Every structure is written in structure tokens, then in C-alpha cells.
*Asks:* 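Have a look at this one.
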Amino acid sequence: MLSYEDARALVFEHVKTLEKVTRPLTESQGHALSEDILAPHGMPLFDNSAVDGYAVQAEDLAESSSENPVRLKKLGYISAGDTGEERLGSGQCMQIATGAPVPPGADTIVMKEDIELEDANVCFTQAIRKTENVRYQGEDIPEGRTMIPAGTVIGPAQIAVLASFGFAQVPVHRLPKVSIVSTGSELVDVDVEPQAGQIRESNRYMLAGMVQQETCELVKVSMIPDIPEILKADFEEALQADIALVSGGMSVGDKDFAKPLLKEMGVEEIFWKIKFKPGKPLFFGKRGKTLVFGLPGNPASSYVLFEEFVRPALRKMMGRRVLEEALVKATLDVAITKTHKRLHFMRGQLSEKNGEFRARPLGFQGSHSIGSLVESNALIRVEADSPELPAGSQVLVRPLKNEIA
Ligand code: AMP
Ligand code: MG
């Protein structure tokens, strides 16, 4: 059986990053940049004041103190948005607003709070440091610097930089189109009272939520019974997406039609079954440009497989540099006594105390457990055939985007 590492390598090998497109700035969040963003000019754009105050020549105030107040003649007021062309000479000062251009001749700004106003003069009673409160052209970002490397996902900070540099249109990669099909004759929808033998369907909603966390586009989400003719029609539609997620029917049951049917419909099997827990029957295949993940129907399996296989695949397709949350080192709070022949990503809880990560696995690890999903905020990696891990052992842990009490 394929190892977790080999299976992930196969997934990454088959995932191709999507085309480059441009998006309006206001619709760019969640996309990955397709090009490095270089500063087309320095930032700030011009020398300007960091405070509301008075522009001066520092030399005039070299001796100023409370015992030796210095008076400078007050000229006009430069507000933000003014061109600030009037020259300042020795013995003069000019009122200035935060963000207003420093007038020629001035080299320092004194805060408004530190002066006393007289009729035609301003009185300075404190020592100052030359260049104080001046924000210099280019000091934040020099022209030509790579401000945001290609592959970075766009969030609010990137949007601020892109806006400041005039990127009304942003070079990004197209977002993946994703379809989700939940299969199973026992499944009923959320607003239906389950009859004997039925259960409410949850994977479709859960997986859709996970896809939306990555801002990918859901093009089709459906739930269908294990009836080959119905499955086939639905799969055909799902296979038009960039990634199709099929839940259920991946194992060896007599009614597990999904996998053989996908193959019959031209989906090439890249692998099926991995040495991994939970979610051994993971299927990965491809038809044309469409990648297919066959996820076992057990909710915890689907959830963990999405984290470890689908999320990083989506991110690679999106052109993102960071494919997943890095594993962190944590100390086990309780022993892990039961280990397995397969690599196990155990649902657990990660906490931080005095700058150190602590981890504890949940007691119940059933692959059907939906209770464990809301109680875990991390996956604890336990190697195949691992010896028992006593409390205090160091483990690797994948933090999850999930808030727990
Ligand atoms: P399967 O992978 O189809 O053999 O299903 C494995 C287990 O997961 C069974 O107990 C199913 O009832 C359950 N299951 C399958 N699909 C879903 C779903 N979409 N939502 C919740 N449970 C499911
Ligand atoms: Mg089933």
C-alpha cells in the first residue's frame, strides 16, 4: 500500500497551477499572485510630516529649552493635499498637518503639543532632534523592491500595498472550480427527519465549507443515492470542474459503486488506498484536466483527508507558495498507548502554555466520529508501527483552522 508521503508526492505531481488572469483589486482577496509585485516607485511618495505640528529648520532651535525659549515667525498652514511649495527660511516656522509635504527649507517637524502660540510667533521651549517627525520619500519601500512575491495569497495587507501602488487590476491565478458529490442511499438532507436506517448527510456541507475556506469556487454540490444510472449522470457533471470531490462508495462494499463507475467513465486511477489512518480507501484519479478525489464517506476520514491531501492540492492549483500549515513540535500531555500499522493523524487538542505547545489526542478516534471534529483543533502525527508514546514525548502536530472551547 502507498505511503502517505508517496501518495502526497503523486498528488502534487499531478496538480497543475491554473492559468494567469487579472482580477479587479476589490475581488482579488484569496487569490495567489501570479507575478512578483515590485515597487514601481518609492513609498512614501514625498517627504511629509508624521505629526500635526510646525515645520522648522533644526538649527534655529539648537539652543531652545525651557530656560531659553526660542521664537520663530509663523508663516502659513500646509494641510494634507497641499503642494507645500512655499519656502521656509531661517527664523521662520510653518504649521503643518500629518501627511502634508515638508516645505522646502524645512528639515524637522515639532509636535503641536510641544509649542506655545503667541500672536505672530511660535515659542519653542524644548530641545529637538534634526529630522524628527519627517517621513522621508522611499524610506518605507524603496523603488524596485520586490514587495510581494508571486505565490502569496492576497489578504488585507497585500491589498493595502497593491492599492498604494496603483494596482487596480491584479495579476493572479484563476481559482479552482470544485464540485462535490455525496453518494449514499442512506443519506437524507438536513431538513428531513431520518427514517429507519437513514442518516442526515453532512460531508457535502462540511467539504463545501472547507473549499470555501480556500475561496475556491463551488460549481456543483449534490447528494445522490447509490444507483449507478443516477451516479453516472451526476459524476459527468462533476467531472467538468477542476477538482471533483466524491464522498462515499470508495471501499469494497457491494454497493460501493462510485469508484468503479468513475473508472468506467474514463477516470484514470493514480492511486487507491493509502497506508494512512483515518481514510485508508482514498482514491485519486484524473480525467483530462480534472482531478478526482474519492473520499470515504466517514466524516472524520473525509475531514482529515481534506486537510492532508485536498487542501494542499487546491493551494497548489491556486498557485500558492504556502501549501499548508506547517507542523509544529509539541509535548504530549497524555500517553498514546495504542499505535497502528498505518501512519495515524489523530484528532487532538493543541494548546500553548508559556510559549510551549502541548498536545493531547482525543479519546475517541472513530472515523465516523463527528463529535471529534468540533473538539479537535489539531492533528497529531503518530508514525506507523510507532512504539507507545509516553506523556512528555515530542510529537509533530498540524494546527487546524477550528476553534474549540
Ligand atoms: P461509505 O464510504 O460510502 O462506505 O460510507 C462510510 C460511512 O460513512 C457509512 O457509515 C456512511 O453512512 C457514512 N457516510 C457516507 N456518506 C456520508 C455523508 N455524506 N455524510 C455523512 N455520513 C456519510
Ligand atoms: Mg456508501
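The first residue of the sequence shown is numbered 1, and numbering continues consecutively from there. Everything quoted here is computed from the prediction, not taken from an experiment. First listed ligand is number 1; within each ligand, the first listed atom is number 1.
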*Asks:* When rounded to the nearest 0.5 angstrom, what distance separates NZ in Lys286 from CD1 in Ile270?
*Replies:* 6.0 Å

*Asks:* Under the salt bridge (Lys or Arg N to Asp or Glu O under 4.0 Å) rule, collect the residues that match up with Glu139, sequence neighbours excluded.
*Replies:* none

*Asks:* With heavy atoms only and a cut-off of under 4.0 Å, state how Glu186 meets ligand 1: side chain, backbone, both or neither.
*Replies:* side chain

*Asks:* Walk me through whether Phe345 and Tyr4 qualify under ring pair (Phe, Tyr, Trp, His ring centres under 6.0 Å).
*Replies:* CA-CA 11 Å; Phe345 270 65; Tyr4 162 83; 5.2 Å; yes

*Asks:* What's the shortest distance from atom 22 (N) of ligand 1 to any protein heavy atom, and which residue and atom give it?
*Replies:* Ile199 CD1, 3.5 Å

*Asks:* Check the angle between the aromatic planes of Tyr54 and Phe124 and answer parallel, tilted or perpendicular using the 30° and 60° thresholds.
*Replies:* perpendicular

*Asks:* Check ligand 1 against Ser202 and write out every atom of the ligand that is under 4.0 Å from a heavy-atom position of the residue.
*Replies:* 20 (N), 21 (C)

*Asks:* Report the residue from Val246, Asn203, Leu295, Leu207 that forms a side-chain contact (heavy atoms from CB on, under 4.5 Å) with Ile180.
*Replies:* Leu207

*Asks:* What about Asn298: any of its N or O atoms under 3.5 Å from an N or O on ligand 1?
*Replies:* yes

*Asks:* Among protein heavy atoms, which lies nearest atom 18 (C) of ligand 1, and at what distance?
*Replies:* Asn203 ND2, 3.5 Å

*Asks:* Between Ser247 and ligand 1, which part of the residue brings a heavy atom under 4.0 Å of the ligand: side chain, backbone, both or neither?
*Replies:* side chain

*Asks:* Can you tell me which residue and heavy atom of the protein come closest to atom 1 (P) of ligand 1, and the distance to 0.1 Å?
*Replies:* Gly249 N, 3.7 Å

*Asks:* Find out whether Arg200 and Glu193 are in side-chain contact, i.e. whether some heavy atom of one side chain is under 4.5 Å from a heavy atom of the other.
*Replies:* yes

*Asks:* Contact between Cys216 and Asp242 at the side-chain level, heavy atoms closer than 4.5 Å - yes or no?
*Replies:* no

*Asks:* Specify the protein heavy atom at minimum distance from atom 4 (O) of ligand 1: its residue, its atom name, and the distance to 0.1 Å.
*Replies:* Asp256 OD1, 3.8 Å

*Asks:* Heavy-atom contacts with Ser182 under 4.0 Å: which atoms of ligand 1 show up? List them by number with element.
*Replies:* 19 (N)

*Asks:* Would you say Glu201 touches ligand 1, if touching means a heavy atom closer than 4.0 Å?
*Replies:* yes

*Asks:* Hey, looking at atom 8 (O) of ligand 1, which of Pro296, Gly184, Gly297 has the closest heavy atom?
*Replies:* Gly297

*Asks:* Can you check whether Leu231's main-chain N or O pairs, donor with acceptor, with Thr183's side chain at less than 3.5 Å?
*Replies:* no

